[in-house]
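In listed order, ligands and their atoms are each counted from 1. Because only heavy atoms are used, hydrogens play no part in the values below, and waters and symmetry mates are left out as well, while side chains stay in.
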Amino acid sequence: MYVRGVGPRVAKMLAVKGIQTAEDLLYHLPFRYEDRQHPRSLDELKPGEMASVIAEVRGSALLRTRRMPIFELTVGQGRCALKCIWFNGSYLSGKFHAGQTVAVYGKVEPSRSTSNLKMIQPQFEVLPDASDDAETRLLEVGRITPVYESLGGARLASRWQRKTIFNLLEAVRGAVPECLPREMLARLDLPERETALREVHFPPEGTPFAQLQSWATPSHRRLIFEELFFLELGLELKRRRMRERAGIAFATTDKVREAIREVLPFHPTKAQKRALGEIVADMRSASPMRRLLQGDVGSGKTIVALQAMLVAMENGYQAALMAPTEILATQHFLAARKLLERSSRKPRVVLLTGSLDEDRKRHTRGEINRGEAQLVIGTHALIEEKVEFDRLGLVVVDEQHRFGVLQRFKLMKKPNQAEPDVLVMTATPIPRTLALSLYGDLDVSVLDELPPGRTPIVTRRVPGEEAEKVWEFVRKQVAQGRQAYIVYPVIEGTKEDQPELDFSHDDAEAGLEPPPPTARMAARKSTRKGKTAELFPKAAQEANPGAKSGLKSAVEMHEKLRTGPLAGLRVALLHGRLDADEKEIIMRRFQRGEIDVLVATTVIEVGVDVPNATLMVVEHAERFGLAQLHQLRGRVGRGAAKSYCILMTGPRVSPLGEERLNAMVRTQDGFELAELDLNLRGPGEFFGTRQAGLPDFRVANLVRDRQLLELAKMEAARFANAPGTDKARAGEVTDAERARVWARLKEAWQRRYGLVEAG
Ligand code: ADP
Ligand code: MG
């Protein structure tokens, strides 16, 4: 449709921002509001608060200091004045004239000149005066005014959007189709779509301001709910469709139980029993299993998976286990082989990773294809090397959040065979509500209990200057027969050869000025880029340019420690750039206790299991993300002996870094840390990348809107269950409404959630 104010050029600018239709524009909501109906008076402002103020321009000046030009604007109301300061503000020269009315928004700061307050880098708008047209005046002053993120420079800033969206809303008055059933809206007490859209942009008089700012008005809730409802409905359908496919109904006979009993090395925990029960129930049913096994580090997921794989094998099927790194694949391979030695059947276990030489790969592929290998363990090579299984029954994916391969299992089975069961394991403790709602197409089992005999890990923060004490402690532990990890953020100190960074991105905060919210959002988006490029970037978990930040590196510190403070101990180096054989050899030696201290990067982060290792030292701990630190700490405390995690910090720790370190010291509960992480970083970064299948929302926010997410999930299931009816009886959904919901779902799912697309 034609939108007033949007010609071809503007349309292009909008398209860059993902706004391609009139509807997109209507869903581009204000990120805050200004109460220009009841403006604040200057004399009631308090330092420290965020405030929006309407005042008159008194004067302005560009001050050329030695470091940078500073623009100063003084605005006033009666006898009160407020000074606004912009660094590098030359661009503001000539923008203001005495007598103009302006709205400024920012943090109120005390000023040196006693009576005055100031704002640094506030957002501002010059308000219309009598010379502007009536419509502009109507939208800008004397009301609650929406403030938008700019859609392209000054041209498409807030004022343009107010006008354009206002006109658009007028043009579509009475013609915005409802996409949710009336019955649902009535029951949930949510406004209609058109009303909601109108009122989030132009809130009616009397709308509680606090509710607006927190996106909690009924209109906001309606739009958020709508978005989440269609997400959940799509997930629900995916799940139903999967259930309808032909899967394998495994049998669990006494023979199968005996095969498991033979190899099980310990009594499973209650949680492990429950999870296995759920998994086996799925496996027995004829529809394909899609289950997520969630459990904190060390909760014992591996053995649960192995039992499930035994069920498949005992039924004459092959099982595959896919790990995110070669180290882990190798470790699983060795552990599985050892465990299965006790089995009377002695199934053949093979390892397939990308770094094997071609001959060996070809040979292994053949064994898999002919069905000679019953248990196949590998990395993504299982998909990429075009392995075709003879009779694939179960696929287990370890640490799924590192790769988005869920859709690609198809490649592994022969055509016309039944859909294999899939079990995804993750150690990322995703807050339960989120897991349930986001992986709506997966069923979830949770291991919420650690195996017995663990003692809590003692976690301490130590400033870098006290390194000597730490090395001494390392020596002490080793003298007691224990082993230690020492982890660094980078492989080597030179910038050129460092791969992709994967850090917490809060360096900016150590600087002087907090970036404005829009800039911060942009930064957040851009940091995601690149990480998605490759499924398995080599050593994606480690490294960051170390040169400019002066970070200590694994290579350099390995040398220093080996010849200095840890001389005489058996110290080895492990990082992602070693070739796979070397890595494997080192890991094996560490596992056998032939190495005392492993200096490493985060390659050891996930899954590595050496119960005799009791000490984890992390240097530059402030640079690691919370999830990473938690994973690293999870490498120790796996045996009965007392374990320690020492977080050493560099000279500068950002406020967010402080929060992360404090949290680490305070708690060991992965779910609690995950909640905090989610709050600190926002869902986008929490889940790492789009690989997690996390959709981009346009109005919803997974942290803020968790309750609505739950509601949406319930409503989606209810809707999918309810039969249609052609008569509009009270309290029922009509066929026409159902048809509209489905149409809308198709559209929304394809456009917005293409990433989560059905497999
Ligand atoms: P994760 O869930 O992090 O993958 P693992 O499967 O590696 O955890 O298990 C962690 C450690 O706990 C391993 O050494 C494993 O052998 C041990 N373990 C697992 N389950 C039990 C149990 N029920 N009793 C005793 N030890 C167990
Ligand atoms: Mg594991």
**Report entry** Passing option when F473 is tested against V478, L615, V462 for side chain to side chain contact (heavy atoms under 4.5 Å, CB included)
**Finding:**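 When V478, L615, V462 are each tested with F473, the side chain to side chain contact (heavy atoms under 4.5 Å, CB included) holds only for L615.
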
What atoms of ligand 1 come closer than 4.0 angstrom to any heavy atom of [X]?
X    : answer
P268 : 23 (N)
G300 : 1 (P), 2 (O), 5 (P), 6 (O), 8 (O), 9 (O), 19 (C)
T269 : 23 (N)
P451 : 18 (N), 19 (C), 20 (N), 21 (C), 22 (C), 24 (N), 25 (C), 26 (N), 27 (C)
T302 : 4 (O), 5 (P), 6 (O), 7 (O)

Query raised in the report: Between Y485 and F590, what is the ring plane arrangement, given parallel below 30°, perpendicular above 60°, and tilted in between?
Result: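 Tilted, since the angle between the ring planes falls between 30° and 60°.
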
Query raised in the report: Strictly under 6.0 Å, is that where the ring centroids of Y317 and F389 end up?
Result: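 Y317 vs F389: aromatic centres not under 6.0 Å.
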
Query raised in the report: If you look at every heavy atom in M322 and T379, which pair is closest and at what distance?
Result: CG-O, 3.3 Å

Query raised in the report: Between L647 and C645, which heavy-atom pair has the shortest distance, and what is it?
Result: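 Closest pair (atom of L647, atom of C645, distance): CD2-SG, 3.7 Å.
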
Report task. Could you walk me through whether D448 and R274 pass salt bridge (Lys or Arg N to Asp or Glu O under 4.0 Å), step by step? Result -> CA-CA 10 Å; D448 51 6; R274 183 176 2 99; 3.3 Å; yes

Requested in this report: Could you establish whether G295 and ligand 1 come within less than 4.0 Å of each other, counting only heavy atoms on the residue side?
Outcome: no

Query raised in the report: Can a non-hydrogen atom of D296 be found less than 4.0 Å from any atom of ligand 1?
Result: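 True for this residue.
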
Query - Student check: side-chain heavy atoms of R291 and V444 closer than 4.5 Å - result: no

Report summary line: Logged contact type for S299 with ligand 1, heavy-atom cut-off 4.0 Å, is both

Query - Proximity of H267 to ligand 1 by residue part, where a heavy atom lies under 4.0 Å - result: backbone

